[in-house]
Protein chains: 2
Amino acid sequence: MSVQKNIAYQPDHDHNRCINSALQQAHDLCKANGQRLTRIRELVLKLVWQSHKPMGAYDLLPAIAEAGFNSAPPTVYRALEFLQEQGLVHRLASLNAFIGCTHPGHNHQGHFLICSICGTAAELESNAISQSINDCAEQAGFTVEQQNVEILGRCPNCLQTDDTH
Amino acid sequence: MSVQKNIAYQPDHDHNRCINSALQQAHDLCKANGQRLTRIRELVLKLVWQSHKPMGAYDLLPAIAEAGFNSAPPTVYRALEFLQEQGLVHRLASLNAFIGCTHPGHNHQGHFLICSICGTAAELESNAISQSINDCAEQAGFTVEQQNVEILGRCPNCLQTDDTH
DNA sequence: ATCTGCAAGTTATAGTATAACGTTGCTTGA
DNA sequence: TCAAGCAACGTTATACTATAACTTGCAGAT
């Protein structure tokens, strides 16, 4: 069977491209929506994108301080709230952490594979999952507003290296 | 189209039956597994089952105090941890809250419909959702350990009463 | 009777998030 | 240009959620 690897699972990918692409998309999207991507907001987005592992809000504060900004919690939470509203970052409730959205602008849901070993989170774009959820909700007479799907398990890399059987 | 109402969406159902059934099942399951359902654990389970709305850990403390127990946070968190391990309650990460499991003992996942109006949470047992998630994960080379699906939206009752269109 | 080990009590603190109010700085219209 | 209005950010304080670490109590086994 062929396995389609998510970019997050390619250890040697050029991550600068991920970051730059995310920042560019954010600029474009904010401009299109008449929103201001201020320096702090851009910085927070960049920091969230430092890796494919979700970052806690408090993990971001030191870097914000180093960049010369106030680094009290409300600063980072405000920026994160804005970025969430714009669909640029997602919050992973099961981790109390945030991760950059890999395809902002699309009308999509929050579906994630989270590796319990390395912590990497990969966003999914599966119509099959969305559809099965919508169908099931409809059967129950329930109208869906937001799907939060957080799947915990082992990513391909950690299955390979840490095969404890 | 016929809509199959979840028990949680039937406002006039005999909720004592829900509670008693949950407690009976808990007794049986703990006995079968050689686990002790102590008075505090049983009390916490009962309190969680007071309604079909998820309860925060700190919401339970006053009632625990009234029952004559110590009511410091570790007490309730320990009980909740035990109940989770036994599959008797689920934690809803998006709400930081806990809800009784409607079918303990089954090998099942945590799939919930959460009403954004009334707060009621209904547990799903959908093979279709599980299957689509497993398929999608497998395609990515990911091995699933735990599924957390929390769907936010409007329950049938709140759609009826609060039709804001 | 004593030992052992799990459960619960107790105190303290870590970790996550927001309220409330003040200040700054942009923009927009007279 | 200037003042008014507004959004973003600074700042302080605090609320809410969860766990660490140590002590005490209790039940079953030897």
Side-chain angles (χ1 to χ4, degrees), chain A residues 26-27 30-31 33-48 53-86 88-99 114 119 121 148 150, chain B residues 26-27 30-31 33-48 53-86 88-99 119 148 150:
Chain A
H27 271 287
C30 285
K31 193 164 189 180
N33 294 347
Q35 299 292 332
R36 295 172 54 192
L37 187 63
T38 62
R39 277 168 51 210
I40 286 190
R41 289 168 177 175
E42 184 175 15
L43 174 60
V44 168
L45 181 59
K46 192 173 169 183
L47 292 172
V48 165
K53 304 186 203 301
M55 298 279 280
Y58 281 75
D59 299 332
L60 304 173
L61 288 176
I64 293 173
E66 275 179 35
F69 294 96
N70 165 55
S71 66
T75 299
V76 66
Y77 279 103
R78 281 179 193 138
L80 288 168
E81 185 183 13
F82 171 84
L83 295 169
Q84 283 183 267
E85 284 166 1
Q86 303 307 311
L88 294 165
V89 309
H90 293 280
R91 180 169 183 272
L92 299 184
S94 64
L95 301 175
N96 291 333
F98 301 83
I99 191 163
I114 304 169
N148 292 307
E150 302 181 19
Chain B
H27 270 287
C30 285
K31 194 164 189 179
N33 293 347
Q35 299 290 333
R36 295 171 54 192
L37 187 64
T38 62
R39 277 169 51 209
I40 285 191
R41 289 168 177 174
E42 184 176 13
L43 173 60
V44 168
L45 181 59
K46 192 173 169 182
L47 292 172
V48 165
K53 304 185 201 304
M55 297 279 280
Y58 281 75
D59 299 331
L60 304 174
L61 289 176
I64 293 173
E66 275 180 35
F69 294 96
N70 165 55
S71 66
T75 298
V76 66
Y77 278 104
R78 281 178 193 138
L80 288 169
E81 185 183 14
F82 170 84
L83 295 170
Q84 282 183 268
E85 285 166 1
Q86 303 308 312
L88 294 166
V89 309
H90 293 280
R91 179 170 185 273
L92 299 184
S94 64
L95 301 175
N96 292 334
F98 301 83
I99 192 166
N148 292 307
E150 301 180 19

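Proteins come first, then strands; the chains are lettered A, B, ... in the order of their sequence lines, and each starts at number 1.
Of the N and O atoms on the side chains of T75(B) and N70(B), at least one donor lies less than 3.5 Å from an acceptor on the other residue.
dA7(D) atom P lies 14 Å from atom CD of Q86(A), rounded to whole Å. Distance CD (E81(B)) to P (dA7(C)): 11 Å, rounded to an integer number of Å. Regarding R91(B), its CZ atom lies at a distance of 8 Å from the C1' atom of dT17(D), rounded to whole Å. Taking atom CG of L60(B) as the reference point, atom C1' of dT17(D) lies 13 Å away to the nearest angstrom. For the pair L37(B) CG and dA7(C) C1', the interatomic distance rounds to 13 Å; values are reported in whole Å. Separating the CG atom of L43(B) from the P atom of dG9(C) is a distance of 11 Å, rounded to the nearest angstrom. Rounded to whole angstrom, the span from the CZ atom of R36(A) across to the P atom of dC26(C) amounts to 8 Å. One atom, CZ of F98(B), and another, P of dC16(D), lie 16 Å apart when rounded to the nearest Å.
Residue P54(B) comes nearest to L92(B) through the heavy atom pair CG-CD1, 3.4 Å, listed as atom of the first residue, atom of the second, then distance. L37(B) and F82(B) make their closest contact through CD1-CE2, 4.4 Å (heavy atoms, listed as atom of the first residue, atom of the second, distance). Taking all atoms of both residues into account, the shortest heavy-atom contact from D59(B) to P62(B) is O-CD, 3.4 Å. Considering every non-hydrogen atom in both R41(B) and R36(B), the closest pair reads NH1-O, 2.7 Å.
In terms of polar N and O atoms assigned as donor or acceptor, the side chain of Y58(A) comes within less than 3.5 Å of the base of dA17(C) in a complementary pairing.
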### Message
V89(B) vs L45(B), test: side-chain contact (heavy atoms from CB on, under 4.5 Å). Steps then yes/no.
### Response
CA-CA 8 Å; V89(B) 309; L45(B) 181 59; 3.7 Å; yes
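With hydrogens and angles ignored, the 3.5 Å screen pairs a side-chain donor or acceptor of E150(A) with a backbone N or O of A93(A).
Close to dG15(C), at under 4.0 Å from its OP1 or OP2, lies no side-chain N or O of N96(A). In terms of phosphate contacts, Y77(A) brings a side-chain nitrogen or oxygen within less than 4.0 Å of OP1 or OP2 of dA17(C).
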Look for any protein N or O under 3.5 Å of an N or O in nucleotides 9-13 of chain D and output each such pair with its distance, or none.
| unit_1 | atom_1 | unit_2 | atom_2 | d |
| --- | --- | --- | --- | --- |
| dC9(D) | OP1 | T38(A) | OG1 | 2.4 |
| dG10(D) | OP2 | T75(A) | OG1 | 3.4 |
| dG10(D) | N7 | R78(A) | NH1 | 2.9 |
| dG10(D) | O6 | R78(A) | NH2 | 2.5 |
| dT11(D) | O4 | R78(A) | NH2 | 3.4 |

